[in-house]
Amino acid sequence: MGQQVKWPPKMKAPDSFRNPGLWCDFHRDHGHKTEDCIALRIEVNELFQKGHLREFLSEKAKAHLSKETAGKSKGAAPASPPRQDRVIHVISGGSEVSRRLLLCTDEISFTAKEQEKILAPHHDALVISLTVANCLVKRILVDNGSSTNIIFQTAYQDLGLEESTLTRKVTLLIVFSGEVKQTAGEVILPVYAEWVNMSTKFLVVDCQAAYNMILGRPWIHDMGAVPSTLHQMVKFPTPWGFRITRGDQENYRSCYQTTLKGKTKVL
């Protein structure tokens, strides 16, 4: 398609930070797989919106895309916040990859001004609150280092979910101490974050923890999100522009103190 494609700039990360065994055909460089390239997903979606590549879509996908495009042209509103039946403050005591079309191609960046309301200096992790399964859940850790999304057993019960909702599938996880922990199963829950309501798979873990949930790389990547612990916020694209979910430093510090007491194990 030549010049109709907006080819990405050269990867900025130094070679030492990139995996030489992973190749991206879109960037024509190593660092990640082609199928995991967020820039490619964005560009393919842009081409779809311009009417290109439609011949590769199924009839159902064509109908869905046409409906989505028509709705956007009419000024369709973003998803409204779901109801919140309860608030979950504190708990006591390798996943499948899904796809979400990213409709905003502006670069995500952070400014010094966005740090003005932050308790600084700090080394705080990013802990946020989101609406999950119609409940406002606090103490959610956003963790780039986690290869999966996790919900702890007590938080799962506090959501008021039926046992039948849980898929009994055992997965082995390794905690920081090196201990191997079996999951109790997995569950798919709607997670609402500033105009985006996305079905998200969680592994259910039966152990004490300072957090209610951990949102790992699967959620971060599916949202096209960029978390910043320094700025205490996570930014992500939507069809209506970028949105921000801010961290709660006081909640994090409370979680940290709980962990230091030796009463919990954080995955």
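All values below were derived from every heavy atom in this structure, side-chain atoms included, with hydrogens, water molecules and symmetry-related copies excluded.
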Exercise for the section: Would you give the length of the straight line joining atom CG of Leu166 to atom CZ of Arg168, rounded to the nearest 0.5 angstrom? Expected result: 4.5 Å
Exercise for the section: Of all the heavy-atom pairs spanning His30 and Pro20, show the shortest one and how long it is. Expected result: CD2-CA, 3.7 Å
Problem - Any Met213 side-chain heavy atom under 4.5 Å of Ile151 side chain - result: yes
Exercise for the section: Indicate if Trp7 and Val44 have the same hydrophobic cluster label, given that clusters are the connected sets of ILVMFWY residues with side-chain heavy-atom separations under 4.5 angstrom. Expected result: yes
Fill in the blank from the handout: Shortest non-hydrogen pair, Pro237 vs Ile108, comes out as CD-CD1, 4.3 Å
Practice task
Could you check if a side-chain atom of Leu159 sits within less than 4.5 angstrom of a side-chain atom of Val137, using non-hydrogen atoms only?
Solution key: yes
Exercise for the section: Report yes or no: do Val5 and Leu40 belong to one cluster of Ile/Leu/Val/Met/Phe/Trp/Tyr joined by side chain heavy-atom distances under 4.5 Å? Expected result: yes
Handout entry: Inter-residue atom distance Phe152.CZ - Asp158.CG, 0.5 Å rounding
Key = 13.5 Å
Exercise for the section: Would you name the heavy atoms of Lys6 and Phe26 that are closest together and state the gap between them? Expected result: O-CZ, 3.7 Å
Handout entry: Under 3.5 Å donor-acceptor, His122 side chain and Leu230 backbone
Key = yes
Handout entry: Least distance between heavy atoms, Lys181 atom then Asp206 atom
Key = NZ-O, 3.3 Å
Practice task
Determine whether Phe202 and Leu215 make a side-chain contact, defined as any pair of heavy atoms from C-beta on separated by less than 4.5 Å.
Solution key: yes
Practice task
Look up atom CG in Asp143 and atom CG in Asn149, then write down how far apart they are to the nearest 0.5 Å.
Solution key: 10.5 Å
Problem - Evaluation steps, side-chain contact (heavy atoms from CB on, under 4.5 Å), between Thr200 and Leu189 - result: CA-CA 5 Å; Thr200 303; Leu189 301 173; 5.9 Å; no
Fill in the blank from the handout: dist Ile140:CD1 -> Ile150:CD1 (nearest 0.5 Å) comes out at 13.0 Å
Handout entry: Minimum heavy-atom distance between Asn197 and Pro190, given as atom pair plus value
Key = OD1-CB, 3.9 Å
Completion exercise
OG of Ser109 to CZ of Phe242, rounded to nearest 0.5 Å, is 8.0 Å
Problem - Check: Thr34 side chain, Asp25 main-chain N or O, donor-acceptor pair, under 3.5 Å - result: yes
Problem - Student check: side-chain heavy atoms of Tyr156 and Thr165 closer than 4.5 Å - result: yes
Exercise for the section: Answer yes or no: is there a donor N or O on one side and an acceptor on the other, between the side chain of Gln232 and the main chain of Ala125, under 3.5 Å? Expected result: yes
Handout entry: Leu130 and Trp219, any side-chain heavy atoms less than 4.5 Å apart
Key = yes
Fill in the blank from the handout: Nearest heavy-atom approach of Ala193 to Phe236 is O-CZ, 3.2 Å
Exercise for the section: Walk me through it: do Met223 and Val196 pass the test side-chain contact (heavy atoms from CB on, under 4.5 Å)? Expected result: CA-CA 9 Å; Met223 289 287 289; Val196 177; 3.7 Å; yes
Problem - Heavy-atom check, side chain of Asn19 versus side chain of His32, under 4.5 Å - result: no
Handout entry: Any donor-acceptor pair under 3.5 Å from Gln157 side chain to Thr154 backbone
Key = no
Practice task
Give a yes or no on whether the backbone of Thr171 and the side-chain of Thr183 come within a donor-acceptor separation of less than 3.5 Å.
Solution key: yes
Handout entry: Rounded distance (nearest 0.5 Å) linking atom CD of Glu194 with atom CZ of Arg246
Key = 9.5 Å
Handout entry: Parallel, tilted or perpendicular, as decided by the 30° and 60° cut-offs, for the rings of His231 and Phe110
Key = parallel
Exercise for the section: Using distance alone, with no hydrogens and no angle criterion, decide if Arg139 and Asn212 have a side-chain donor and acceptor under 3.5 Å apart. Expected result: no
Practice task
Indicate, with yes or no, if Ile118 and Val142 share a hydrophobic cluster defined by side-chain heavy-atom contacts under 4.5 Å among Ile, Leu, Val, Met, Phe, Trp and Tyr.
Solution key: no
Practice task
Return yes if some donor-acceptor pair links the side-chain N/O of Thr131 with the main-chain N/O of Asn134 below 3.5 Å, else return no.
Solution key: no
Problem - Backbone N/O of Leu119 and side chain of Gln249: donor-acceptor pair under 3.5 Å - result: yes
